[in-house]
Undergrad: 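Following this message is one structure expressed as C-alpha cells.
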Amino acid sequence: MKTTVVALQEAKQKKEKFSMLTAYDYTTARLMDQAGIQTILVGDSLGMVMLGYEDTLSVTMEDMIHHCKAVARGAQEAMVICDMPFLSYQTSVYDAVLHAGQLVKEGHAQAVKLEGGLEVCPQVKAIAQAGIPVMAHIGLTPQAVHVMGGFRVQGRTEEAAKRLLQEAKALEEAGAFAVLLECVPAKLASLISETLSVPTVGIGAGNGCDGQVLVYQDMLGMYDKMTPKFVKVFEQAGELMQKAFRDYHKEVQSGQFPAEEHTFAIRDDVLEKLY
Ligand code: KIV
C-alpha cells in the first residue's frame, strides 16, 4: 500500500519511526521500495552526488522533474517527495505554487520539500492550500550555504535554538505536513519533535525524530568528497563497485570476458555460406 501523509501522521501518533532515503533514478528507487523504505526523497543533493556540482545551487526545475519522474516509476509503495530547487520558491508565493505544482504534475511527486523558516511560511501556506503536501526543512539548509558560511551544525546557542523551535512551530501552523531537521543537536531535535504534532524527519538530528533520512550514496560509502559525522555507512558499496569495475576492466583486457556462456551461437552451415 502506498505510504501517504496520513500514514506518516498515524505513525507519529503510534510512536512508530519511519525511514526515508534519497533516490534519483528508477532502479535505485525500485530497490529501496522492495526493501521496505517508506518514503523516498528526490533531494536536490542530486546536484552534488549525481551531477558533480560543489553544492545544490545550480540544480534546476528540469533536473528535479527529470529525476523525480524516474523515481516515481520505481516507487510502488514508498511516498515520493521532491525537493524544490534553489530560486524556484524564494522569489514569490506565486512561483512557489507554480513550481510545486509542476513537480507534482510533471515529476509525479506526492509531496514537495522546501528549505527555510519564517520567511517561507507564506509559500508553505499557499502550497498546502493548493492541495500539495509540503515538507519544511530547517536547521542546516544547504541552499543557504553562502549565508551560513559552510555546512555546520545549527541551533547550538540559546538564541539559535529558540529560533529553530519558533520556526518549526510556525511552519506547522502554516500547513507543513512534516518538518525536516538537518544538523541540529539531538536534544533540541527531540524537543521540537515532542512539541510538534506533525512528524519530524532527522538527518544529523539524533534518534528523537519521528523519521530518519540519509543520502543513499553516503550510507553506501559511494561519495567520498564529504562524509558528515552523522552518516553511518551500512555497506561499503562504493568499494564493491570499484572492485567490480576493476575486475571487468582486467577481464576485458585479458580476453577472459566475455566467456562462452556470455555469447550467442550461429550454426556452422550458416557461417560457411559467408565465406
Ligand atoms: O537534498 C537532500 O538530499 C536533502 C537531504 C539532505 C535531507 O535535503
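Below, all heavy atoms of this structure are taken into account, side chains as well, without hydrogens, waters or symmetry copies. Atoms within each ligand, like the ligands themselves, are counted from 1 in listed order. Sequence positions, counted from 1, serve as the residue numbers for this chain.
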Undergrad: Could you tell me whether Asp44 and ligand 1 have an N or O pair separated by under 3.5 Å?
TA: yes
Undergrad: Could you give the distance from CD (Gln102) to CD1 (Ile65), rounded to the nearest 0.5 Å?
TA: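 Reported to 0.5 Å precision, the distance equals 4.5 Å.
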Undergrad: Do Phe177 and Val198 have side-chain heavy atoms sitting under 4.5 Å apart?
TA: no
Undergrad: Glu172 side chain to Thr195 main-chain N or O, any donor-acceptor pair under 3.5 Å?
TA: no
Undergrad: Strictly below 4.0 Å, N to O, side chains only: are Glu239 and Lys243 in salt-bridge contact?
TA: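 So Glu239 does not pair with Lys243 through a salt bridge.
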Undergrad: For atom 4 (C) of ligand 1, grab the closest protein heavy atom and report residue, atom and distance to one decimal in Å.
TA: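 The answer is Leu41 CD2, 3.6 Å.
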Undergrad: Is NZ or CZ of Lys232 both nearer than 6.0 Å to the six-membered ring centre of Phe234 and within 45° of the ring axis?
TA: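 Satisfied, under 6.0 Å and within 45°.
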Undergrad: Find all atoms of ligand 1 within a distance of less than 4.0 Å from any non-hydrogen atom belonging to Gly43, and give their numbers and elements.
TA: 1 (O), 2 (C), 3 (O)
Undergrad: Is the shortest N/O to N/O distance between Asp83 and ligand 1 below 3.5 Å?
TA: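 Yes, there is a polar N/O contact under 3.5 Å.
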Undergrad: Relative to each other, are the rings of His262 and Phe257 parallel, tilted or perpendicular (30° and 60° limits)?
TA: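 Aromatic pair His262/Phe257 classed tilted.
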Undergrad: Under 3.5 Å between some N or O of ligand 1 and some N or O of Lys113?
TA: yes
Undergrad: Using a 4.0 Å cut-off to any heavy atom of Thr22, which atoms of ligand 1 qualify?
TA: 3 (O)
Undergrad: What is the nearest protein non-hydrogen atom to atom 3 (O) of ligand 1, stated with its residue, atom name and distance?
TA: Ser45 OG, 2.5 Å
Undergrad: Would you kindly specify which portion of Leu180 sits under 4.0 Å from ligand 1, judged on non-hydrogen atoms: side chain, backbone, both or neither?
TA: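 Near ligand 1, Leu180 shows its side chain, while the N, CA, C and O stay back.
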Undergrad: With heavy atoms under 4.0 Å as the rule, classify the contact between Thr56 and ligand 1 as side chain, backbone, both or neither.
TA: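 No part of Thr56 comes within reach of ligand 1.
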Undergrad: Can you list the ligand 1 atoms lying under 4.0 Å from a non-hydrogen atom of His137?
TA: 8 (O)
Undergrad: Is there any N or O on Glu115 that sits under 3.5 Å from an N or O of ligand 1?
TA: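 N/O-N/O distance under 3.5 Å: no.
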Undergrad: Using a 4.0 Å cutoff against the non-hydrogen atoms of Ile203, which atoms of ligand 1 qualify?
TA: 6 (C)
Undergrad: Any donor and acceptor pair, going by atom type alone, linking the side chain of Gln154 with main-chain N or O of Arg152 inside 3.5 Å?
TA: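 Such a contact is found between Gln154 side chain and Arg152 backbone.
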Undergrad: Given the side-chain rings of Tyr89 and His99, with only the six-membered ring counted for Trp, is the space between their centroids under 6.0 Å?
TA: no
